[in-house]
Amino acid sequence: MKGVTAEDVHHFLLHTEDGRHRRVARMVEEVQKILLEVTSDISNRDSRFHCISNAGIHSDSLKVLSPSQFLVTVPLRGLSGFGQKRSRRWRYYSPSGTQLVAPAMEPEKLHQWLEIEQFQKSAPHWHDNDVNIKGDLVPARVIHVLLEHLYRAITFCSLTDKVNVLESFGPSIRLNVETSEQMVEVELVPVLEVPGFWPRKAQWPRFFKRWPPRERIQCVKSFGFDLLARSNYHWQLSFLRGERLLLETMDEDGGCRMKCYRAVRQMKEDVWCPGSHPVISSHHLQMIVLWASERNPSPKAWKDLGRCFLRVVKRLQKCARQRFLRHYFVRRANLLKYADTAQLDALADKLSQFLRGPSLSSSLYQGASSAC
């Protein structure tokens, strides 16, 4: 197999990355400005919801999944002093509150129930029936309350020409937000931040692993985790702050991990997974790079940019072919469990073809045309 040299990757990033960065930064700025106004109005109406932060492309409230897909989290207020609850009980209610004959399904690997009793302090509104059923905080109900406020806020802020709420199947809020570059699809997700607490489901760090360094592990765990309202009954565990810290500091040893990530991301967007709804997001790629860093902990393993780039591509090809990608912190969770299998197979075929004769030169023309 012909190799890709470090010079090839540098040349590829030099001619593609700057344009992408400027374009995405402009879209992030415009989306944040619009949603800051909307969520500020929502926060004024309902103190349980906090307005998003406005910190640009490095904001904790916004994650770029692809240039056409953003994830924006709306912080929840009035709950503090979280504690893990060991007791388990069956739930016999639907998200609408009707009684069920059989119990509701148990949470999957990356999800959990959330009870009001798990918090030492809770504002009175969190006990109201619009979000609470028999002591459980129900994400579908939280989403419904946020959606009702959202419709009013869009009208009140005179943003009906900029923001359009999309029809969603299941408990989620998706918007089309118009920017000067293109239309961006935004998923708006209520998030409960749990700082300083590490969940039992996250069996990390793993034994006898040399990456990341111990002091980095302690810092990641100090961030805690988040709970996202993205399903009917169960809250999804998220570790965006810890993931960002690992990614931002992973090349302090002089390695090239982030350059590999950026090059693979650019190829994914321009060649392997173009379009507005790619089967692989930037978050999937970040998981792959984190796993590759743990399994290749030596700084020497990340000196040759060309070889390292192909290593990450091979890991992506393996995940697509097997339709399986472990979450870095909750390794029993498969992040591709519900991904479109036909798209994954098509991606695996493209990657196999690329690896038979890897070259970045022809991709420069495709990237240039897609930016036009």
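Everything numeric here is computed off the predicted structure, so don't read it as measured data. Quick note: residue numbers are just sequence positions, from 1.
Inter-residue side-chain proximity for Val191 and Ser238 is flagged as unmet; no heavy-atom pair is nearer than 4.5 Å. Considering only heavy atoms from C-beta on, Lys314 comes within 4.5 Å of Leu355 through its side chain. The shortest side-chain heavy-atom distance between Cys256 and Asp251 does not fall under the 4.5 Å cut-off. Between Pro278 and Lys268, some side-chain heavy-atom pair lies under the 4.5 Å cut-off. The shortest side-chain heavy-atom distance between Lys162 and Val177 does not fall under the 4.5 Å cut-off. Using a 4.5 Å heavy-atom threshold, the side chains of Gln112 and Leu227 count as touching. Side-chain contact between Val184 and Val186: present, with at least one pair of heavy atoms (C-beta onward) separated by less than 4.5 Å. Using a 4.5 Å heavy-atom cutoff, the side chains of Phe82 and Leu114 are in contact.
Between Phe329 and Trp198, the ring centre distance stays below 6.0 Å. Not less than 6.0 angstrom separates the ring centroid of His111 from the ring centroid of Trp235.
The heavy-atom pair separating Asp345 from Arg321 by the smallest distance is O-NH1, 4.2 Å. Heavy-atom minimum distance, Met287 versus Leu335: CG-CD1, 3.5 Å. Across all non-hydrogen atoms, the minimal contact from Trp302 to Cys308 is CA-SG, 3.5 Å.
A salt bridge links Glu115 with Arg91: at least one charged nitrogen is closer than 4.0 Å to a carboxylate oxygen. A salt bridge links Asp60 with Arg244: the closest approach of a Lys/Arg side-chain nitrogen to an acidic carboxylate oxygen falls below 4.0 angstrom. A salt bridge does not link Asp41 to Arg152: none of the charged nitrogens lies less than 4.0 Å from a carboxylate oxygen. Arg265 has no carboxylate O lying under 4.0 Å from a charged side-chain N of Asp270, or vice versa, which leaves the two without a salt bridge. We find that Glu252 and Arg216 are joined by a salt bridge, their nearest charged nitrogen and carboxylate oxygen being less than 4.0 Å apart. A salt bridge between Arg257 and Asp253 is present, with a side-chain N of the basic residue lying under 4.0 Å from a carboxylate O of the acidic one.
A donor-acceptor pair is defined here as one N or O able to donate and one able to accept, closer than 3.5 Å; such a pair exists between the side chain of Arg141 and the backbone of Pro95. Using modelled atom types, no side-chain atom of Asp8 and backbone atom of Gly3 make a donor-acceptor pair closer than 3.5 Å. Formation of a donor-acceptor pair under 3.5 Å by the Ser352 side chain with backbone atoms of Ala348 is found in this model.
For Arg48 and Trp126, the positive end sits near the middle of the six-membered ring, less than 6.0 Å away and at most 45° from its axis. Arg241 forms no cation-pi arrangement with Phe225, by the criterion of a distance under 6.0 Å to the ring centre and an angle within 45° of the ring axis. Geometrically, Arg331 does not engage Trp204 in a cation-pi contact defined by less than 6.0 Å to the ring centre and at most 45° from the axis.
Linking Ile, Leu, Val, Met, Phe, Trp and Tyr residues whenever their side-chain heavy atoms come within less than 4.5 Å leaves Trp113 and Leu137 in two separate clusters. Leu344 and Phe324 fall into different hydrophobic clusters, where Ile, Leu, Val, Met, Phe, Trp and Tyr side chains are chained together by heavy-atom contacts under 4.5 Å. Both Ile34 and Met27 are part of a single hydrophobic cluster, where members link through side-chain heavy atoms under 4.5 Å apart. Val138 and Val194 are assigned to two separate hydrophobic clusters, defined by single-linkage of ILVMFWY side chains at heavy-atom distances under 4.5 Å.
Around NZ of Lys318, the count of heavy atoms belonging to other residues, nucleotides or ligands within 6.0 Å does not exceed 12. For Lys109, the NZ atom is loosely surrounded, since the number of other residues' heavy atoms within 6.0 Å does not exceed 12. The neighbour count for His144 NE2, taken as heavy atoms of other residues, nucleotides or ligands under 6.0 Å away, does not exceed 12. The environment of Arg332 atom CZ is sparse: at most 12 non-hydrogen atoms of other residues, nucleotides or ligands sit within 6.0 angstrom. Enclosure of atom CZ in Phe156 is not indicated, since only 12 or fewer non-hydrogen atoms of other residues, nucleotides or ligands lie within 6.0 angstrom. Counted within 6.0 Å of CD on Glu215, heavy atoms from surrounding residues, nucleotides or ligands total more than 12; the atom is thus considered enclosed. The neighbour count for Lys33 NZ, taken as heavy atoms of other residues, nucleotides or ligands under 6.0 Å away, does not exceed 12. The 12-atom threshold is not exceeded at CZ of Arg307, counting heavy atoms of other residues, nucleotides or ligands nearer than 6.0 Å.
The CZ atom of Phe223 sits 12.0 Å away from the CD atom of Glu243 when rounded to the nearest 0.5 Å. Here the CG-CD distance, from Leu79 to Glu193, works out to 12.0 Å after rounding to the nearest 0.5 Å.
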Inset, instruction - Go through Glu167 and Arg174 one step at a time and tell me if the salt bridge (charged side-chain N to carboxylate O under 4.0 Å, His left out) criterion holds. - result: CA-CA 7 Å; Glu167 183 179 357; Arg174 297 185 182 276; over 6 Å; no
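The hydrophobic cluster analysis finds Phe169 isolated: no Ile, Leu, Val, Met, Phe, Trp or Tyr side chain comes under 4.5 Å of it, directly or through other members.
Sorted by first then second residue, the salt bridge (charged side-chain N to carboxylate O under 4.0 Å, His left out) pairs that include residues 197-210, not counting sequence neighbours, are Arg206-Glu294.
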Going by atom type alone, with no hydrogens or angles, which donor-acceptor pairs under 3.5 Å involve a side-chain atom of residues 62-72 and a protein atom two or more places apart or on another chain?
from, atom 1, to, atom 2, distance (Å)
Lys63, NZ, Gln286, OE1, 2.8
Ser66, OG, Ser68, N, 3.4
Ser66, OG, Ser68, OG, 3.4
Ser66, OG, Gln69, N, 3.3
Ser68, OG, Ser276, O, 3.0

